[in-house]
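We count ligands from 1, going down the list as the structure has it; atoms in each ligand are counted the same way. From a predicted model like this one, the values you see are computed outputs, not experimental measurements.
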Amino acid sequence: MQLVKIRKTKPQKGILKYAAAAIRDGKVVVFPTETVYGIGADALNRRAVSRIFKIKGRPADNPLIVHIGTEKQLRLLTDSVDAVSKKLMKKFWPGPLTLIFAKKDAVPDNVTAGLDTIAVRMPHNKIAFDLARLAGPIAAPSANKSGKPSPTAVGHVLEDLTYKETKLIEIVLDGGETKHGLESTVFDSVSKRILRPGPITLKHIRNIVPEANYATASPDKPASPGMKYTHYSPKARVVLFIGNHEKIVKKMKELGNEKTVVLDLKGNKREVAKTLYARLREIDHQGFEKIFCEGIEEEGLGYSIMDRLRKAASKTFTFP
Ligand code: TXA
Ligand code: MG
């Protein structure tokens, strides 16, 4: 594995060409996107894709997101692009919106975990975008170990990898901290439901698709396959407190000890989203055992932040 620094704006062509050639050659490459870091391989190469699952320790029934750099590449993945998706693509691509399409037979089954649909996005980060233009379609889940918070900086990627796993990666592109810090919004244009909330909010989508809504999910019927796993979990236990502030403070005092830390989510939501995963990882390094977290309003980006916290939480207290 090589670790190479690359400029976020005007990424060096030589580095991009090297990484693109590696992908075309069936190798695995780690790169930044505007959401989180991705670990990518040629989406049309089954063996290359299987290495991603191996490195991440990802369950085989959790499908990947495919990154494209041109609309022509979309035609390698699907034959049917509906009118709603077309409008959304026009408005939000390149950007942190993933859309679901009927998949072509040419796409290996492991990319979609056997589903007949495929998740696709065109990333906005210049490094990811250029790399996808040169070597797309690129299948790339978040570059964390399965079950860990997604990486928003290269250090997070490296700390998750064993020495053996680094051997399976050709190159890691260090393009600095990611912009949004939360994974892309996943939207299904057929059901008009948000399967995974993210940086593009319901309000943004409703400007284009007025009937859009959040998917309702339950543990036995997840909105999207990946949503059934406990995601985003640091080692410390996350305890979420929702509702009446005074009661929450009282309960926190009652339950907390010297190994407890309070994660404050007040303030600018974009900043909270951007730094959330890094803060969870940092708390782990400090050796805390419990993370107490008071919920924020589930509105706009707040909804996406709370989605991740609910998934990270091992217990939730609600005070009406
Ligand atoms: O921002 C992102 O989307 C990042 C960067 C690297 O682009 N990628 C990412 O990938 O978050 P990953 O693998 O960590 O999450 C993929 C999500 C999972 O929740 C998975 O279930 C869902 O996308 N997904 C993939 N294919 C799907 C499909 N055909 N139908 C429904 N959901 C799908
Ligand atoms: Mg992930």
| If you draw the axis of the six-membered ring of Phe317, does the NZ or CZ of Lys251 fall within 45° of it and under 6.0 Å from the ring centre? | yes
| Near Ile100, which atoms of ligand 1 are under 4.0 Å from a heavy atom of that residue? | 28 (C), 30 (N), 31 (C)
N/O donor to acceptor pairs below 3.5 angstrom from side-chain atoms of residues 93-106, sequence neighbours left out:
| from | atom 1 | to | atom 2 | distance (Å) |
| --- | --- | --- | --- | --- |
| Trp93 | NE1 | Leu97 | O | 2.8 |
| Thr98 | OG1 | Ser184 | OG | 2.8 |
| Lys103 | NZ | Val107 | O | 2.6 |
| Lys104 | NZ | Arg75 | O | 2.7 |

| remark: In ligand 1, the atoms that come under 4.0 Å of a heavy atom of Ala119 are 25 (C), 26 (N), 27 (C)
| request: For Tyr37, check ring-ring contact (aromatic ring centres under 6.0 Å, His included) against everything at least two apart and list the hits. | output: none
| field | Any His180 heavy atom less than 4.0 Å from ligand 1 | value | no
| query | Checking Arg133 side chain against Ala128 main chain: does a donor-acceptor pair fall under 3.5 Å? | reply | no
| field | Lys56 N/O to ligand 1 N/O under 3.5 Å | value | no
| From Ser142, does some N, O or S atom reach closer than 2.8 Å to the Mg ion (ligand 2)? | yes
| task | Quick one: closest heavy-atom pair of Glu170 and Tyr18, and the distance? | result | OE2-OH, 2.7 Å
| said: Under 4.0 Å, counting heavy atoms only: does Lys103 come that close to any atom of ligand 1? | reply: no
| task | Say whether Arg121 and ligand 1 are in contact under the criterion: heavy-atom distance to a ligand atom below 4.0 Å. | result | yes
| task | Measure the distances from the heavy atoms of Leu64 to every atom of ligand 1 and state whether one is below 4.0 angstrom. | result | yes
| task | Could you check whether the rings of Phe292 and Phe241 sit parallel, tilted or perpendicular, using 30° and 60° as the cut-offs? | result | perpendicular
| field | Between Ser150 and Glu183, a side-chain donor and acceptor under 3.5 Å | value | yes
| query | Side chain or backbone of Thr117 under 4.0 Å from ligand 1, or both, or neither, by non-hydrogen atoms? | reply | both
